[in-house]
Amino acid sequence: MTALPLSGVTVVSVEQAVAAPYATRQLADLGARVIKVERPGGGDFARRYDTTVHGQSSYFVWLNRSKESVTLDLKSPAGRDVLEELLARADVFVQNLAPGAAARLGLDAESLTARHASLIPCTISGYGTSGPWADRKAYDLLVQCQTGLVSLTGTPEETARVGVSVADIAAGMYAYSGILTALYTRATTGVARAVEVSLFEALAEWMGQPAYYTRHGGTQPPRIGTQHATIAPYGAYTAGDGKQVLFSIQNEREWVALCERVLDRTELADDPRFATGSDRVAHRDELNAIISERFARSGSDEVMKLLDLAGVANAGVNDVREFLDHPVLAERGRWHDVGIPGAVVPALRPPVDLAGIDPRMDPVPAVGEHTERVLAELGLTAARIERLRADGVI
């Protein structure tokens with residue numbers, strides 16, 4: 001069996017919620033040993049976001065497979081001593097503690113690199129560790145609002161949040177790629193470099209296109225529901241059976257094909273109202289009326305078949321249940337069973353396939369499940385472990 005790419009890499013993470021756990025889970029998928037440090041008693045508060053997965057939180061199950069859970073009270077000197085022993089053997093340390101908490105515990109990047117020269121510390125914050133908002137708490141929806149994303153999402157009448165934690169996911173992805181880059185840099189130069197990412201700056205990067213559009217166009221892209229703000233036609237239309245079909249025209253060849261083979265209106269291909277992409281956006285309402293009238297005369301299956309024959313990309317508008325049953329996921333073998341406390345559930349494989357490599361998809365840990373084993377590996381005696389437990393440190 002081929003060894004996983006990150007086998008031999010040890011990650012210690014004082015993590016909670018979404019961003020940091022998402023970064024470290026991806027490291028675990030590739031074979032890193034991830035030791036998740038949690039509060040004694042309750043653990044990561046994301047464990048209690050909901051109870052929908054056989055009593056476990058859907059967030060926690062998604063983000064924490066293949067990790068080892070160790071409970072430590074980091075406010076106690078004894079708990080910090082144990083953490084120091086873990087860090088002395090670690091390659092990477094990840095934390096997304098509340099503003100100022102890492103520095104108070106001596107877990108900020110500067111302090112860590114002074115004590116552990118080969119350690120790669122990764123800090124995930126809300127708005128950065130410096131600057132005017134360094135001390136502000138940040139959660140996903142707050143950051144969606146601060147970056148202007150919410151102002152782009154929804155209908156002309158009402159804004160809406162994006163339905164998944166995009167700021168957390170963006171920060172977790174950049175933390176993951178930053179850690180991989182730092183591991184490569186350390187391997188090639190011997191220098192361990194700290195990694196820092198904030199939710200705000202991660203999502204700010206994703207706001208690049210509307211930022212350029214607004215700065216140089218004078219107005220921001222409009223909110224228009226399932227339509228695309230700057231490309232037309234690109235959006236969802238209701239077919240005669242009441243189901244929505246979304247399609248996208250990306251170039252003039254596709255526009256001509258749509259007119260001839262789907263709309264049955266060949267004259268529209270040369271209509272000056274729709275001659276270019278910008279013209280079609282300017283006359284979106286007229287164009288939408290034409291498309292809606294044509295789609296209303298056919299069922300969704302027929303509409304999608306016509307779009308396929310015309311070479312126009314399209315899709316039905318699925319709900320989550322339809323997504324779960326999607327034939328691509330089934331036929332490409334993307335589901336894999338993963339253990340959770342008290343049950344086994346299907347989980348999606350990581351989206352990146354490495355030839356010859358099967359990702360690790362081990363169980364989701366219970367709170368403190370691996371505490372005694374990990375502490376014993378550090379050389380702590382059974383008596384010391386029992387004393388730590390009696391004192392509430394673990």
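Computed from a predicted structure; not experimentally measured.
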* Asked: Is the shortest distance from a Lys or Arg side-chain nitrogen in D271 or R280 to a carboxylate oxygen in the other one below 4.0 Å?
  -> no
* Asked: Counting N and O atoms only, with roles assigned by atom type, does the side chain of D108 sit under 3.5 Å from a partner on the main chain of S111, one being a donor and the other an acceptor?
  -> yes
* If you draw a 6.0 Å radius around CD in E322, do more than 12 non-hydrogen atoms from other residues or ligands fall strictly inside? -> yes
* Asked: Checking side chain to side chain contact (heavy atoms under 4.5 Å, CB included) against R360, which of L6, L4, D29, L30 comes through?
  -> L4
* Just say parallel, tilted or perpendicular for the rings of F45 and Y49, cut-offs at 30° and 60°. => tilted
* Asked: Does atom OH of Y59 have more than 12 heavy-atom neighbours, drawn from other residues, nucleotides or ligands, at distances under 6.0 Å?
  -> no
* To do: Give me the one residue out of D168, I124, V18, T123 that meets side chain to side chain contact (heavy atoms under 4.5 Å, CB included) with N96.
  => I124
* Asked: Is the backbone N or O of A382 less than 3.5 Å from a side-chain atom of R387, with the two atoms forming a donor-acceptor pair by type?
  -> no
* Asked: Would you call R384 and E85 a salt bridge, taking side-chain N to carboxylate O under 4.0 Å as the test?
  -> yes
* Asked: Any sub-3.5 Å donor-acceptor pair from R186's side-chain atoms to S118's backbone N or O?
  -> yes
* **R297 atom CZ, neighbour heavy-atom count above 12 within 6.0 Å** => yes
* To do: Answer yes or no: are there more than 12 heavy-atom neighbours, outside R373 itself, under 6.0 Å from its atom CZ?
  => yes
* For E252, look at atom CD and say whether over 12 heavy atoms of other residues, nucleotides or ligands are found less than 6.0 Å away. => yes
* **Main-chain N/O of E84 paired with R115 side-chain donor or acceptor, under 3.5 Å** => no
* Would R265 and E293 pass as an ion pair if we require N to O under 4.0 Å? -> no
* Could you check whether the rings of F200 and Y127 sit parallel, tilted or perpendicular, using 30° and 60° as the cut-offs? => tilted
* Are a donor atom and an acceptor atom from the side chains of K36 and T24 found within less than 3.5 Å of each other? -> no
* Has R193 got more than 12 heavy atoms of other residues, nucleotides or ligands less than 6.0 Å from its CZ? -> no
* **SB check D319 R321 (cutoff 4.0 Å)** => no
* To do: Please state whether the rings of W206 and Y174 are parallel, tilted or perpendicular, taking 30° and 60° as the class boundaries.
  => perpendicular
* Asked: Is D135 atom CG crowded by more than 12 heavy atoms from other residues, nucleotides or ligands, each under 6.0 Å away?
  -> no
* Going through the checks in order, is the salt bridge (Lys or Arg N to Asp or Glu O under 4.0 Å) test met by R47 and E38? -> CA-CA 11 Å; R47 288 181 178 272; E38 302 189 68; 2.8 Å; yes
